[in-house]
Amino acid sequence: MKEVVSSCILPQSHRTSSLRTIANMLDNGGVCGIPTDTVYALAASCKHPEAINRIYSIKERPSEKPICICISNLDQLRVINPPFSPLLWNFMDLVYPGGISCIVQKGEWLKKLGVGPAYETVGTNDSIMIRVPDHTVTAHLTDRTGPLAITSANPSGESDSTHHDMVITRLSDKLDAVLCDGYSNELVGSTVVNCTKINEGIIKILREGCVPTTKIMQLFERAKNTPGVL
């Protein structure tokens, strides 16, 4: 990996002070590279839509490609009581936390979650993709910050970043910080599942990532045969 002179700070993930530093940067409108349970991501706080727009510029990401939100656990959703069906709750209980992104219907519940300022900036007009990573560092960070807008930490169209050095080499001149956590857990991103028609007994795999389609469909069958959990 070639060495670069970085213009952003590079705290180490094993330090509590590092998480505090990154959280403060995000809360103040910064854009940071962070580890997840799959590959490295670019993150911005949902309190700062202008920071989310910076992500598009940093990645040269087409504006029509939506950005998802990341939360630390499902309890953050339960406490605001979104209008999810028992089947959707069952399915999410089985797949979260983990390397799966669920697309659900957008609604006013997002504002109660803390996405309010970024409501028009994340997702599409009528849907939102939710990530709940199975990663201690990411969970602790989002506990501090509230919902984050995230997308993979690579220039649009290029390979995913599987080590913090890849993020530093390719993007550090445009970022405020990279939270360094070594090699990523996976070589590819999350599997994306469209759940907007789950009440009709239908889910659709939009992108197969680190969790195979066969595994997703097995979990969906289990969800359909499990009593509702609200």
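All of these numbers come straight from a predicted model, not from anything done at the bench. We count residues from 1, following the sequence as given.
Thr142 is not listed as a side-chain neighbour of Ile71, based on a closest heavy-atom distance of 4.5 Å or more. When side chains are defined from C-beta on, Tyr119 does not count as touching Ile128, because their heavy atoms never get closer than 4.5 Å. No side-chain heavy atom of Ser184 sits less than 4.5 Å from a side-chain heavy atom of Thr38. Using a 4.5 Å cut-off on side-chain heavy atoms (C-beta onward), Ser152 and Lys59 make contact. In this structure, Asn185 and Asp134 have side chains that are not in contact, with every pair of non-hydrogen atoms separated by 4.5 Å or more. Side-chain contact check for Phe84 versus Ile198: every heavy-atom pair is 4.5 Å or farther apart. Residues Leu179 and Cys32 are not in side-chain contact: their nearest non-hydrogen atoms beyond the backbone lie 4.5 Å or more apart. Asp143 has its side chain within reach of Asn73: a pair of non-hydrogen atoms, C-beta onward, lies under 4.5 Å apart.
Test Ser172, Cys180, Pro35, Ser13 against His164 for side-chain contact (heavy atoms from CB on, under 4.5 Å) and you get one pass: Cys180. Each of Leu113, Val104, Val132 was checked for a side-chain contact (heavy atoms from CB on, under 4.5 Å) with Leu77, and the lone residue meeting it is Leu113.
Of the N and O atoms on the side chains of Ser101 and Ser190, at least one donor lies less than 3.5 Å from an acceptor on the other residue.
Distance check, rounded to the nearest 0.5 Å: CG of Leu10 to CG of Leu175 gives 10.0 Å. In this structure, Arg78 CZ and Leu74 CG are separated by 5.5 Å, a value rounded to the nearest 0.5 Å. Put simply, CZ on Phe91 and CD1 on Ile100 are 5.5 Å apart, with the number rounded to the nearest 0.5 Å. One distance of note links CE of Met166 with OG1 of Thr169; it measures 8.5 Å at 0.5 Å rounding. Expressed to the nearest 0.5 Å, how far CD1 of Ile203 lies from CZ of Phe220 amounts to 5.0 Å. Once rounded to the nearest 0.5 Å, the distance linking CG of Leu148 with CG of Leu42 reads 11.5 Å.
In the displayed structure, Arg15 atom CZ is contacted under 6.0 Å by at most 12 heavy atoms of other residues, nucleotides or ligands. Counting non-hydrogen atoms of neighbouring residues, nucleotides and ligands closer than 6.0 angstrom, the CD atom of Glu60 reaches no more than 12 such neighbours. Residue Asp126 qualifies as enclosed at atom CG: its count of foreign heavy atoms under 6.0 Å is above 12. By the neighbour-count criterion of 12 heavy atoms within 6.0 Å, atom CG of Leu187 is sparsely surrounded, having that number or fewer from other residues, nucleotides or ligands. Residue-environment remark: NZ (Lys224) exceeds the threshold of 12 foreign heavy atoms within 6.0 Å.
Under a hydrophobic clustering in which Ile, Leu, Val, Met, Phe, Trp and Tyr are joined whenever their side-chain heavy atoms come within less than 4.5 Å, directly or via other members, Val115 and Met92 fall into the same cluster. Linking ILVMFWY residues whenever their side-chain heavy atoms come closer than 4.5 Å, directly or via other members, places Val167 and Ile55 in the same cluster. Residues Ile103 and Ile205 do not share a hydrophobic cluster, defined by chaining ILVMFWY side chains whose heavy atoms lie under 4.5 Å apart. Ile52 and Ile22 fall into different hydrophobic clusters, defined by Ile, Leu, Val, Met, Phe, Trp and Tyr side-chain heavy atoms under 4.5 Å apart, directly or through other members. Leu206 and Met129 fall within a single hydrophobic cluster, where Ile, Leu, Val, Met, Phe, Trp and Tyr side chains are chained together by heavy-atom contacts under 4.5 Å.
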For side-chain contact (heavy atoms from CB on, under 4.5 Å), just list the numbers for Cys210 and Val188, CA-CA rounded to whole Å, side-chain angles, deciding distance to a tenth of an Å, and then say yes or no.
CA-CA 6 Å; Cys210 62; Val188 294; 4.1 Å; yes
Using side-chain contact (heavy atoms from CB on, under 4.5 Å), reason through Thr21 and Asn24 one step at a time and then give a plain yes or no.
CA-CA 5 Å; Thr21 296; Asn24 288 340; 5.9 Å; no
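Side-chain N or O atoms of Thr191 include one that pairs as donor or acceptor with a backbone N or O of Val211 at under 3.5 Å. Between the side chain of Ser45 and the backbone N or O of Asp27 there is no donor-acceptor pair closer than 3.5 Å. Looking at Lys106, its side chain does come within 3.5 Å of a backbone N or O of Thr124 through a donor-acceptor pair. A distance-only check finds no donor-acceptor pair linking the side chain of Lys112 to the backbone of Asn81 [under 3.5 Å]. No side-chain donor-acceptor contact under 3.5 Å links Lys204 to the backbone of Thr196.
Across all non-hydrogen atoms, the minimal contact from Cys70 to Ile150 is CB-CD1, 3.7 Å. Between Ser161 and Arg170, the shortest heavy-atom contact is OG-NH2, 2.7 Å. In terms of heavy atoms, Ala44 sits closest to Leu26 at CA-CD2, 4.0 Å. Of all heavy-atom pairs spanning Leu219 and Leu94, the tightest one is O-CD1, 3.3 Å. Among all heavy-atom pairs drawn from Gly189 and Asp160, the shortest one is N-OD2, 3.5 Å. Taking every heavy atom of both residues into account, Asp181 and Tyr40 meet most closely at N-OH, 3.0 Å.
By the salt bridge (charged side-chain N to carboxylate O under 4.0 Å, His left out) test, Glu108 pairs with Lys111, sequence neighbours left out.
Contact check on Arg131 versus Asp37 returns a salt bridge, with a Lys/Arg side-chain nitrogen under 4.0 Å from an Asp/Glu carboxylate oxygen.
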